[in-house]
Amino acid sequence: NSPTAVMWRNGRLRALFRVRPRVPRLPGTQLGSRAFQRRSTLEFPTSQRRCFSEVKPKAKRPLRPKEELLRDATHHDVPVRRRAVKDLGKYREDPEAIEAIAKALGDEDVAVQLAAQGAMSKVAELGDERTVKVTLERVSSTCEWTRIAALSTLADITGKFGHATRGSDLDVQVDAAVKGRLEDSDWGVRRAAIDTMASRAQTNCEETLEAAKKLLEDQMGTVRESAIKAIASLVPKGSREAIDWVSPRLDDWHESVRRAAVVAVAKIAEKGDQHSIELEKTACDDRSWIVRKAATDSLAITATLNDLPSLRKLGRMLEDFDPLPRMAAIYGMAELCGVGHRKAIQLAEARLEHRDPGTRQACVQLLEKIATQDMEDIVKKVEERMEDEDEHVRDSAFYALEAIKANPPGRRTWKSDLPDLGDLDRIGLDSSDDEDDKGDQL
């Protein structure tokens, strides 16, 4: 499944594009408007408001007996095994629980393996010899899925560089085992190995960087992607050498590698670095929307406030035929330029009558964030979009007009309230465990 499909099923991406229903334009009575909320508060006290239901918080689920969990950890049903392994992580310092969790790292189902990985990080302190030892034993398993699970778990249960447990005999064995898997026959193991090695390494560690540079030429795209991320996480800010290592991957045939490369360039580059900005501008024209979206985000991060060529490029991204690069341009320009930035406002204003309704909507949404109430010409043009032929543009214009009229004059920064979508691969993948944990806290 693609990252987009995972996000869509999870509901987070749908929320970003949910269209708010248009409501009658009666002054002071628009549903959802601040005036309506104030009137509702005054006219209908809390005690008189209609309550649709009274949901009582669930009682905290009691921890099941260890013997029952140990039995269910080998149950034939995957959800039963997953839940049992997860709960075994709550039996802190228990040898039987640790052994059962380690065995689950080799389970035939990846959901149980992920539960075991999480449980192993909770059952004992960071760097505990018992958990590290039993996990290390599984790095040499004949099953590639077990090796992957063991390597990923070692990244979670061993200390970062400088931790008190680093440098011990057992820790040296962990280092050797992880390095030995960089040339594993399975690409998933190689990826897990470089991820684990980078998470344990010292900043600017030459050995890890050399290993990552070698994997930039790996035959599998996901391994090259992890190598790029490892380099970006370890090199110092502004390293031109590191950007030169990564930039050739902007022409990679794999779109996730190109995306990782442009994100890495933005992470490494200093603000205003023209070489990096040119790389990001080029990536904005990529054939994949995933790369264009990442490149737009990166350009907004690296560019400076008065870099007009970069602002014009971001303005052109408002014309992208895919909604996510357009959204990245909206929020990137708003955060980069802030409220009241005349050039950004002009770039949006010039596209209010664009032939594509998606572009017109994007420009209206950008003006909603950066235009102010004293800009009468902008207010008038947004009002004209209330009669647009496209219903989505009309809806956006309605709410933009309300926001602009409430936005006082002056220059100031604008901060996005959107969740970070930078790492698309992680969104939605941990939902089941998160929901379980929330239920336990009620």
Side-chain angles (χ1 to χ4, degrees), residues 102 105-106 110 113-114 117 120-121 127 131-163 165-236 239 241-242 244-249 252-254 256-261 263-264 267-268 423 425-426:
L105 288 173
V110 68
Q113 290 182 322
L114 288 172
Q117 182 178 338
M120 191 67 84
S121 64
T131 58
V132 174
K133 187 175 181 180
V134 294
T135 304
L136 183 60
E137 291 171 357
R138 280 148 178 89
V139 173
S140 58
S141 171
T142 56
C143 173
E144 63 273 16
W145 291 104
T146 303
R147 299 199 296 273
I148 293 170
L151 286 167
S152 300
T153 304
L154 284 173
D156 294 339
I157 65 175
T158 58
K160 305 296 181 186
F161 184 83
H163 191 267
T165 59
R166 295 298 299 271
S168 65
D169 292 340
L170 183 59
D171 188 68
V172 172
Q173 294 177 39
V174 171
D175 276 337
V178 172
K179 293 171 190 174
R181 290 300 159 187
L182 290 171
E183 298 182 3
D184 195 277
S185 59
D186 184 82
W187 65 266
V189 179
R190 297 197 299 275
R191 179 179 186 176
I194 190 61
D195 287 342
T196 301
M197 190 173 180
S199 71
R200 289 168 43 83
Q202 181 184 14
T203 300
N204 213 23
C205 173
E206 291 186 8
E207 185 178 22
T208 306
L209 289 174
E210 286 299 321
K213 285 166 61 179
K214 184 177 180 180
L215 290 178
L216 286 175
E217 304 297 330
D218 193 273
Q219 62 179 347
M220 293 302 296
T222 50
V223 179
R224 300 195 296 275
E225 180 183 356
S226 284
I228 291 169
K229 292 178 179 178
I231 290 171
S233 68
L234 293 176
V235 297
S239 172
E241 185 181 26
D244 290 341
W245 297 338
V246 169
S247 58
R249 294 297 106 200
D252 197 279
W253 66 269
H254 201 295
S256 69
V257 178
R258 301 198 301 275
R259 181 189 68 189
V263 170
K267 186 174 182 180
I268 298 169
D423 194 353
D425 293 329
R426 296 294 301 172

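In what follows, residues are counted from 1 in the order of the sequence shown.
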message: If I take atom CH2 from residue Trp187 and atom OG1 from residue Thr222, how far apart are they, to the nearest 0.5 angstrom?
response: 4.0 Å
- request: Would you give the length of the straight line joining atom OG1 of Thr196 to atom CG of Asp156, rounded to the nearest 0.5 angstrom?
  value: 8.0 Å
- prompt: Is there a side-chain contact between Glu183 and Lys214, using heavy atoms and a 4.5 Å cut-off?
  reply: yes
- line: Between Ala212 and Ile231, the two heavy atoms sitting closest are CB-CG1, 3.7 Å
message: Within the 4.5 Å heavy-atom criterion, are Cys205 and Met197 side-chain neighbours or not?
response: no
- request: State the SG-CZ distance between Cys143 and Arg138, to the nearest 0.5 angstrom.
  value: 12.0 Å
field: CD/Glu137: more than 12 non-hydrogen atoms of other groups inside 6.0 Å
entry: yes
message: Does this structure show an ion pair linking Arg147 with Asp186, if we count only N-O contacts that are shorter than 4.0 Å?
response: no
- prompt: Counting only N and O atoms by type, is there a donor-acceptor contact under 3.5 Å from the side chain of Ser233 to the main-chain atoms of Ala230?
  reply: yes
- prompt: Passes side chain to side chain contact (heavy atoms under 4.5 Å, CB included), Gln219 versus Arg190? Steps please.
  reply: CA-CA 11 Å; Gln219 62 179 347; Arg190 297 197 299 275; 4.0 Å; yes
Minimal non-hydrogen separation, Ala227 against Leu215, with atom names: CB-CB, 3.9 Å
field: Nearest heavy atoms of Ala242 and Ile268, plus distance in Å
entry: CB-CD1, 4.0 Å
statement: Taken in chain and number order and not counting sequence neighbours, the residues that satisfy side chain to side chain contact (heavy atoms under 4.5 Å, CB included) with Thr135 are Leu105, Met120, Ala150, Thr153, Leu154, Ile157
For Asn204, side chain to side chain contact (heavy atoms under 4.5 Å, CB included) partners two or more places apart: Leu209, Pro236
message: Between Arg249 and Glu225 (salt bridge meaning N to carboxylate O under 4.0 Å), is one present in this structure?
response: no
message: So Val139 and Leu151, do their side chains get closer than 4.5 Å, heavy atoms only?
response: yes
Please set out all donor-acceptor pairs under 3.5 angstrom arising from side-chain atoms of residues 172-180, sequence neighbours excluded.
| residue | atom | partner | partner atom | Å |
| --- | --- | --- | --- | --- |
| Asp175 | OD1 | Arg200 | NH2 | 2.7 |
| Lys179 | NZ | Glu207 | OE1 | 3.1 |
| Lys179 | NZ | Glu207 | OE2 | 3.0 |

message: How close do Ala193 and Leu182 get, counting heavy atoms only, and between which atoms?
response: CB-CD2, 3.8 Å
- prompt: OG/Ser226 to CG/Asp195 distance, rounded to the nearest 0.5 angstrom?
  reply: 3.5 Å
- request: Only counting residues at least two apart or in another chain, list the ones meeting side-chain hydrogen bond (donor to acceptor under 3.5 Å, both in side chains) with Glu210.
  value: Lys213
Atom pair CG (Leu170) and CG (Leu136), whose distance is rounded to the nearest 0.5 Å: 6.5 Å
- prompt: More than 12 heavy atoms of other residues, nucleotides or ligands under 6.0 Å from CG of Asp169: is that the case?
  reply: no
For His254, all residues meeting side chain to side chain contact (heavy atoms under 4.5 Å, CB included), sequence neighbours excluded: Arg224, Asp252, Ser256, Val257
- prompt: side chain to side chain contact (heavy atoms under 4.5 Å, CB included) between Leu234 and Thr208: does it pass, once the steps are laid out?
  reply: CA-CA 9 Å; Leu234 293 176; Thr208 306; 3.4 Å; yes
- line: Scanning both residues in full, the closest heavy-atom pair of Gly159 with Arg166 reads O-NH1, 3.1 Å
task: Taking the side chain as every heavy atom from C-beta outward, state whether Thr203 and Val235 have any atom pair closer than 4.5 Å.
output: no
statement: For Lys160, the side chain to side chain contact (heavy atoms under 4.5 Å, CB included) test, sequence neighbours excluded, returns Ser199
task: Would you indicate whether the side-chain heavy atoms of Arg191 and Met220 approach each other to under 4.5 Å?
output: no
